[in-house]
Structure formats: C-alpha cells, structure tokens
Amino acid sequence: MNEAAGQFSADWEPALAEAPRAPAFIVTLYGDVVEPRGGMLWMGTLIECCAAHGLNESLVRTAVSRLVGSGRLEGVRIGRKSYYRLSDAARDEFRDAARLLFSPPPAPEDWLLCLSDGLREADLPEAWARLSPNVAIAPNREDVVPLEGVLMRAKQLEGHGDLRTLARERWGLEDVAAAYERFVNRHSGLIDRIADGAPLSPAESLALRLRLVHDYRHAALSDPRLPRAAWPTEWPAEWARKLFVRAYLGLSDQADAHVGAEFLNPDGTLMARNAETDRRLFQLKREAAS
C-alpha cells in the first residue's frame, strides 16, 4: 500500500493504489471542487488535499509552478498566503469536460464526411479520421470542428461493410476500451461498499471522489463518442458511466461536507454546496433514475 492508500482504510486501496500525475490531478481537483465554488483555493489546502494521494509538498509546488508557467493556473498573493485559480483557458477546457461528466449528450446517430484536396497535408482536428488523402470522417456531434471542403452527412446502410472494424482501427478503440476497463477495475468496489454502508469519513469520501473523477475524465475524454453502430461488441463505456454516476452520488454528501469544513479561499471556507454543485448532482440523479 502506498502513501496515499496508507492514510485510509485498506478497503479503499484499489481506488487510491497509485499516485496520479500531480499537474493533471490538480486540474481535476480545481474542476471538480474549486471552480464550481468560485475558483480560488489556498495553496496550503491544495498541499493538504494532494498529500492524501501520495503527492508531497515539493511535487505539488513544482506542479503548480509548471501550471502557472503553461498558463493553466493563475496565482494571487494576499498577505503571506498564496491562492490559485484556473486561467480562463483552463476554465473553458474543464467546463467542456464538466459537460461530458455531468450532462453528456446522447450518442450521435450518423456521420460527417469531408471531401477536399486540402486534407492531404492537414493535421485533422480531434474526432476526425482520415479515410483517404481526400476524405475524412467524424461522428456528427455538435462539438466537432468542421473541416474546409465539401461537408456531408452520412449514415451506414445496414449489411454493407464492417463498420466496427473500421472504427476500431481509425479511432484506436482498443486503447479507449482499456482506459474504461482500468477505471472499472479500480473503482467497481465502491458501489458495494457504499451500498453496504461501509464506514467512510468526509476526507476519505472526497479523496475517493476526486480519484473517481480523475480516472473517469481520462477515459471519457479519450472516447471519440461514435454512433452506437460503430461500438465494439464488448464496449465498457456504458458500465463505466453507470459506475461513475452511482459512485459520485454515493460519495458526494460526505465529500462536500469535507470541502465546506476544510477548503480555504480568501473569504474563508468554500461552500459545501451551492447552485452549481446542486445542478451537477441533479443532472446525475436524473440520469441514474432513467
């Protein structure tokens, strides 16, 4: 058991077994906890929170410095204390991720095709895959960036061609499935333990929820979110989604109580809950009920 898991009950070790990369985890912490509560956090709170995940003060300070240098965090000094918030660019990035986490759109039903000689040397944006030097394809989602050229909508005719094989090869779905499976293997024990009323402190609840968000976010952001007809036969995305929703809801009462008691900004403690956190929980509860 490593430093992170060693601070908590051995029952929770699978979810906390490996220390995350500090910069990515700090962004997760801000997106899940800090941003919906005003965006500002004291450096001391950040250090204390990261310590529960095997990230010592030196690692955290180095990561914060790098995040500031890369334009993802901004620092404010008030008296002797330093506070940090997400930059506008990072805030927009996590806002997009938050929509995927808390109110994901349904799977698209068809495809976009682009025909253009300009595709030959172009680096295609995310979600697009090259079929030939002049043809690219993408799932027909609202967030997909259109390409310059002749743009068309397309739908597969049933019984013509092997769409699943094409999708697996063009979008690397085996790697995406592996990310979902790692998430499920690491966090699946949470559901039974929460349902059984396993003793869990507010600090443990927050630590587990942060790792749940961190790991699910990594898997979900790697998912090209293709039409269902292109999904592999054994596709773990739906079970991973159900696990995320149920575990997040099961951990949140205690986790939010810890935030309200221990997380500091320039005005005092962060709110345990507010309109934005309630909105996220409402969306997940509605999804779980459906």
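Between Arg85 and Val76 the shortest side-chain heavy-atom distance falls below 4.5 Å. Pro125 is listed as a side-chain neighbour of Leu147, based on a closest heavy-atom distance under 4.5 Å. Trp111 places a side-chain heavy atom less than 4.5 Å from the side chain of Leu163. With contacts defined as side-chain heavy-atom distances shorter than 4.5 Å, the pair Asp92/Arg95 qualifies. Taking 4.5 Å as the limit, every side-chain heavy atom of Leu206 sits out of range of all side-chain heavy atoms of Leu251. Side-chain contact between Met40 and Val34: absent, with no pair of heavy atoms (C-beta onward) separated by less than 4.5 Å. The closest side-chain heavy-atom distance from Val33 to Leu41 is not below 4.5 Å. Here the side chains of Ser252 and Thr277 are not in contact, with every heavy-atom distance at 4.5 Å or above.
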- Under the side-chain contact (heavy atoms from CB on, under 4.5 Å) rule, what do Asp223 and Leu100 come out as? Steps first, then yes or no, please. CA-CA 11 Å; Asp223 188 345; Leu100 187 59; over 6 Å; no

- Message: Apply side-chain contact (heavy atoms from CB on, under 4.5 Å) to residues Leu73 and Ser87 and explain how you reach the verdict.
- Response: CA-CA 5 Å; Leu73 280 183; Ser87 66; over 6 Å; no

- Message: Between Asn134 and Asp117, is the side-chain contact (heavy atoms from CB on, under 4.5 Å) condition met? List the steps.
- Response: CA-CA 5 Å; Asn134 300 336; Asp117 289 338; 3.6 Å; yes

- Audit row: Ile137, Leu112, side-chain contact (heavy atoms from CB on, under 4.5 Å) steps and yes/no: CA-CA 6 Å; Ile137 186 172; Leu112 295 174; over 6 Å; no

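The distance from the CZ atom of Arg280 to the CD atom of Gln283 is 9.0 Å, given to the nearest 0.5 Å. In this structure, CG in Leu101 is found 11.0 Å from CG in Asp96, a value given to the nearest 0.5 Å. Interatomic distance, OG of Ser205 versus CG of Leu190, reported as 10.0 Å (0.5 Å rounding). With rounding to the nearest 0.5 Å, the separation of CZ in Arg186 from CG in Leu212 is 11.0 Å. Atom CD1 in Ile78 sits 5.5 Å away from atom OH in Tyr83 (nearest 0.5 Å). Atom CZ in Arg21 sits 11.0 Å away from atom CG in Leu55 (nearest 0.5 Å).
The pair Arg273-Asp256 fails the salt-bridge criterion, with no side-chain N (NZ, NE, NH1 or NH2) lying under 4.0 Å from an Asp/Glu carboxylate O. Between Arg209 and Asp32 there is a salt bridge, since a side-chain N of the basic residue sits under 4.0 Å from a carboxylate O of the acidic one.
For Asp123, the side chain to side chain donor-acceptor pair (under 3.5 Å) test picks out no residue, with sequence neighbours left out. By the side-chain contact (heavy atoms from CB on, under 4.5 Å) test, Ala240 is found to be paired with Tyr180, Phe183, Val184, Tyr216, residues two or more places apart in sequence or in another chain being considered. Arg72 pairs by the side-chain contact (heavy atoms from CB on, under 4.5 Å) definition with Val27, Leu67, Ser70, Ala90, Glu93, not counting sequence neighbours. For Glu238, the side chain to side chain donor-acceptor pair (under 3.5 Å) criterion is met by Arg228, not counting sequence neighbours. With sequence neighbours left out, the side-chain contact (heavy atoms from CB on, under 4.5 Å) criterion links Leu264 to Trp42, Thr45, Thr269. Residues satisfying the side-chain contact (heavy atoms from CB on, under 4.5 Å) test with Ser222, not counting sequence neighbours, are Val176, Ala179. In this view, Thr62 satisfies the side chain to side chain donor-acceptor pair (under 3.5 Å) rule with no residue, not counting sequence neighbours. Judged as a side chain to side chain donor-acceptor pair (under 3.5 Å), and not counting sequence neighbours, the contacts of Thr28 are His214, Arg217. Partners of Tyr84 according to the ring pair (Phe, Tyr, Trp, His ring centres under 6.0 Å) rule, which considers only residues two or more places apart in sequence or in another chain, do not exist here.
Hydrophobic clustering places Leu131 together with Trp171 (ILVMFWY residues linked when any side-chain heavy atoms are closer than 4.5 Å, directly or through intermediates).
Residue pairs meeting the salt bridge (charged side-chain N to carboxylate O under 4.0 Å, His left out) criterion with at least one partner in residues 43-56, sequence neighbours excluded, do not occur; the list is empty. The salt bridge (charged side-chain N to carboxylate O under 4.0 Å, His left out) pairs that include a residue from residues 125-142 are Arg141-Asp143, where partners are two or more places apart or lie in different chains. Every pair passing salt bridge (charged side-chain N to carboxylate O under 4.0 Å, His left out) that includes a residue from residues 148-166 is listed here, sequence neighbours excluded: Asp110-Arg153.
Annotation for Arg279: atom CZ counts as buried by contact number, over 12 foreign heavy atoms lying within 6.0 Å. Taking a 6.0 Å sphere around CD of Gln156, one finds it holds more than 12 heavy atoms contributed by other residues, nucleotides or ligands.
The aromatic rings of Phe263 and His258 sit perpendicular to each other, their planes meeting at more than 60°, with 30° as the lower class boundary.
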